[in-house]
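My questions will all concern the structure given below.
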Amino acid sequence: MCGIVGYVGPRGSAAVLLGGLGRLEYRGYDSAGIAVISDTLDLRKRAGKLVALRDELESNPIVDGHTGIGHTRWATHGAPNDVNAHPHLADGGKLALIHNGIIENFAELKAELLAEGVEFLSETDSEVAAHLVAREYRECGNLTEALRRVVSRLHGAFTLLVVHEDAPNVVVGARRNSPLVIGLGEGENFLGSDVAAFIEYTRNALAIGQDQLVTITPTSVDVIDFDGNPVTPEPFEVTWDASAAEKGGWSSFMAKEISEEPQAVADTLRGRLVDGRVELSDLNPALLSGIDRVVIIGCGTAAYAGMVGKYAIEQWARIPVDVELSHEFRYRDPVVNDRTLVVSVSQSGETMDTLMAVKYAGEVGCRTLSICNTQGATIPRESDGVIYTHAGPEVAVASTKAFLAQVTALYLLGLAIAQENGNISDTVLADMVRDLAATPDQLKTVIEHSERIETMAKWMADTRAVLLLGRHVGYPVALEGALKLKELAYIHAEGFAAGELKHGPIALIEPGQIVFVIVPSPRDPNSLNAKVVSNIQEIRARGARVIAIAEQGDAGVLPYADEVIPIPLANPLIEPMLAVVPLHIFAMELASAKGLDVDQPRNLAKSVTVE
Ligand code: M6R
């Protein structure tokens with residue numbers, strides 16, 4: 001939540017900041033602003049999406065300089081208006097500060113400043129930090145030291161960037177539980193919430209740890225901890241380039257990212273399937289050795305990927321797997337120990353609920369493993385091990401290709417645990433490795449045959465409610481499909497385990513109610529297909545309009561469904577990966593048919609970096 005960018009170097013900083021904010025806008029789009037230092041500090045900020053700031057800069061150009069900070073906001077304290085937009089000024093307009101996070105003790109700090117006669121313009125918690133830094137700067141004359149003194153007084157989560165007119169060519173940043181990375185250039189340096197902020201200029205980055213401050217000038221980068229001790233930040237190279245974070249010719253980032261789902265799976269598998277076995281060379285094998293329980297944590301789509309993973313890991317490794325929402329796990333005193341592997345799933349690697357749960361898991365003695373799509377992110381840095389998904393940057397707020405990559409990584413993990421504890425036969429292992437390798441091509445087939453879904457979405461544009469039913473691994477797919485419809489099309493959508501139907505949800509069925517049903521393969525060894533086809537008959541008898549997502553050639557379902565979306569024949573554990581794609585496409589098309597912003601749905605932000 002909130003995107004942050006900082007720049008020092010020879011370029012005109014306004015263009016660098018606006019470019020960075022454009023690539024970070026998915027983190028928040030309630031308002032945006034930049035502050036630039038030429039001889040003096042100048043600032044522009046506007047409520048609304050970045051385009052409003054661009055328009056303002058067009059009609060009221062800023063005096064450009066070579067040092068600046070920029071911010072795109074997801075509002076927490078104070079309405080999303082011009083005044084509450086960042087940056088916030090202090091020291092008579094000579095100091096500008098931007099903030100991502102929540103300063104929990106801001107009221108008490110504000111009272112202290114008000115008593116000293118400080119005037120506040122905004123309702124934000126962030127403006128408090130600006131005035132505190134200004135006060136310390138007047139006293140010590142050093143921006144880094146001023147910020148260092150302030151951070152020790154702040155409670156909560158924050159990334160702060162600050163510039164001062166009297167310290168040109170300097171940007172100072174600090175972080176606690178909110179993201180910040182450094183971009184290294186030639187004669188220029190960058191700061192950003194993530195590498196997308198500066199990917200146009202450099203792929204060389206440094207990760208900053210918790211409770212650290214960074215000071216950048218065009219030729220230097222200095223990192224210290226909150227006690228003032230020097231720290232050596234960890235270098236990493238970004239594996240994707242600027243074009244990966246651009247829309248290209250696509251109508252939306254979401255459309256582009258759905259088209260990349262096969263590649264996301266292929267890239268996540270790359271180099272990890274070797275001679276019919278799984279090799280996770282980036283993982284210390286000791287992490288998996290002797291574990292007797294797995295707890296998967298995540299939020300939203302990541303949690304649904306975890307639910308799919310549970311079925312597979314239990315089937316292969318024969319150890320119990322629980323899946324919990326991170327925020328529930330963190331606050332309920334779970335029974336875990338040093339043989340419990342807590343697996344966090346997060347595209348961004350910055351979701352605050354998941355980060356807090358990972359830290360908690362470490363504190364109570366669990367082993368922690370992160371499944372993450374973002375290099376340099378906080379959650380993998382706080383974990384004992386990481387399996388990176390290689391979905392590439394995901395910009396649309398709705399998660400799509402990351403879900404596929406997360407399921408893939410969980411499957412790799414499940415097979416690796418099963419190899420380690422010996423509970424999987426060589427045949428099952430080899431079959432699964434073969435089937436996983438075939439998945440990207442099967443996903444391509446699903447995407448290539450998706451025109452019918454677009455037509456269906458058009459005739460359903462006025463639909464107010466959609467129900468989704470699934471069983472076994474189809475159940476989390478139903479939940480994922482419902483989440484996409486809520487967040488993109490703003491309709492009531494609910495996923496149910498099909499077996500639960502007669503325990504209540506069937507009362508919702510009335511004539512014309514649209515129900516998507518994810519139908520297990522008729523070849524499923526548990527014969528779940530027949531049970532789900534019975535469910536279809538039950539709801540059809542009560543007037544439901546049934547759209548079945550079923551295996552190609554499943555003749556049993558045809559007489560009872562109003563529409564059938566076919567998916568290729570696959571291993572039952574691969575089916576959820578194939579069945580979710582039409583639901584991603586449907587949600588996108590329904591939102592488009594309703595004229596809604598597919599990439600930036602209302603009230604949301606891509607990374608939820610506050611609890
Ligand atoms: O970055 P993360 O994977 O930790 O994000 C978790 C959720 O916030 C995220 O999946 C969210 O539910 C998506 N907007 C769903 O499309």
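Numbering of ligands and ligand atoms starts at 1, following listing order. Here the structure is a predicted model, which is why all the values come from computation and not from measurement.
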Non-hydrogen atom of S607 closer than 4.0 Å to ligand 1: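 In this structure, S607 fails to qualify as a contact of ligand 1 - no heavy atom is under 4.0 Å.
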Sub-4.0 Å heavy-atom contact, T354 with ligand 1: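 No, that is not the case, since the closest heavy atom of the residue is not under 4.0 Å from the ligand.
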Proximal atoms of ligand 1 relative to A398 (non-hydrogen, under 4.0 Å):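 The atoms of ligand 1 under 4.0 Å from a heavy atom of A398 are 16 (O).
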N/O donor-acceptor pair under 3.5 Å between T351 side chain and V608 backbone: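 Not confirmed, T351 side chain does not pair with V608 backbone.
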Interfacing atoms of ligand 1 (cut-off 4.0 Å, heavy-atom, G300):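 Result: 12 (O).
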Interfacing atoms of ligand 1 (cut-off 4.0 Å, heavy-atom, L483):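 Contacts of ligand 1 toward L483, numbered from 1: 12 (O), 15 (C).
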Ligand-residue contact atoms, ligand 1 with Q347, heavy atoms, under 4.0 Å: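 In order of numbering, the contacting atoms are 1 (O), 2 (P), 3 (O), 4 (O).
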Check against side-chain contact (heavy atoms from CB on, under 4.5 Å), M460 and F586: CA-CA 10 Å; M460 285 191 230; F586 177 72; 3.5 Å; yes
Which residue and heavy atom of the protein sit nearest atom 8 (O) of ligand 1, plus the separation: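 Closest protein heavy atom to atom 8 (O) of ligand 1: V608 CG2, 4.1 Å.
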Distance (rounded to the nearest 0.5 Å) between N100 CG and R73 CZ: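 CZ of R73 is found 11.5 Å from CG of N100.
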Atoms of ligand 1 close to S346 [distance to a heavy atom under 4.0 angstrom, numbered from 1]: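 Close to S346: 1 (O), 2 (P), 3 (O), 4 (O).
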Closest to atom 6 (C) of ligand 1 (judged by heavy-atom distance), picking from C299, A302, S348: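 Residue with the shortest heavy-atom distance to the ligand atom: C299.
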Protein residue, atom and distance nearest to atom 15 (C) of ligand 1, heavy-atom basis: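 Residue, atom and distance for the closest contact: E487 OE2, 3.0 Å.
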Euclidean distance, N84 CG relative to T124 OG1, rounded to 0.5 Å: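 T124 atom OG1 to N84 atom CG measures 6.0 Å (nearest 0.5 Å).
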Shortest protein heavy-atom distance from atom 11 (C) of ligand 1, along with the residue and atom involved: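 Checked against all protein heavy atoms, atom 11 (C) of ligand 1 sits closest to T301 N, 4.3 Å.
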N/O donor-acceptor pair under 3.5 Å between W74 side chain and N603 backbone: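 Such a contact is found between W74 side chain and N603 backbone.
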Worked verdict on M577 versus V308 for side-chain contact (heavy atoms from CB on, under 4.5 Å): CA-CA 9 Å; M577 300 171 80; V308 177; 5.9 Å; no
Atom indices of ligand 1, in the order listed, that fall short of 4.0 Å to a heavy atom of S399: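 Under 4.0 Å from S399, ligand 1 has these atoms: 15 (C), 16 (O).
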Name of the residue among V181, V195, T202, N204 meeting side chain to side chain contact (heavy atoms under 4.5 Å, CB included) with V238: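 Among V181, V195, T202, N204, the one meeting side chain to side chain contact (heavy atoms under 4.5 Å, CB included) with V238 is V195.
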Residues T378 and Q210: side-chain donor-acceptor under 3.5 angstrom: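 The criterion, which ignores hydrogens and geometry beyond distance, is not satisfied for Q210 and T378.
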Which segment of K484 sits under 4.0 Å of ligand 1 when only heavy atoms are counted: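 For K484, only side-chain atoms sit under 4.0 Å from ligand 1.
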Shortest protein contact, atom 5 (O) of ligand 1 (heavy atom only):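 For atom 5 (O) of ligand 1, the nearest protein heavy atom comes out as T351 OG1, 3.5 Å.
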Under 3.5 Å: donor-acceptor pair, side chain of N373, backbone of G392: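 The answer is yes, because a donor-acceptor pair under 3.5 Å joins these two groups.
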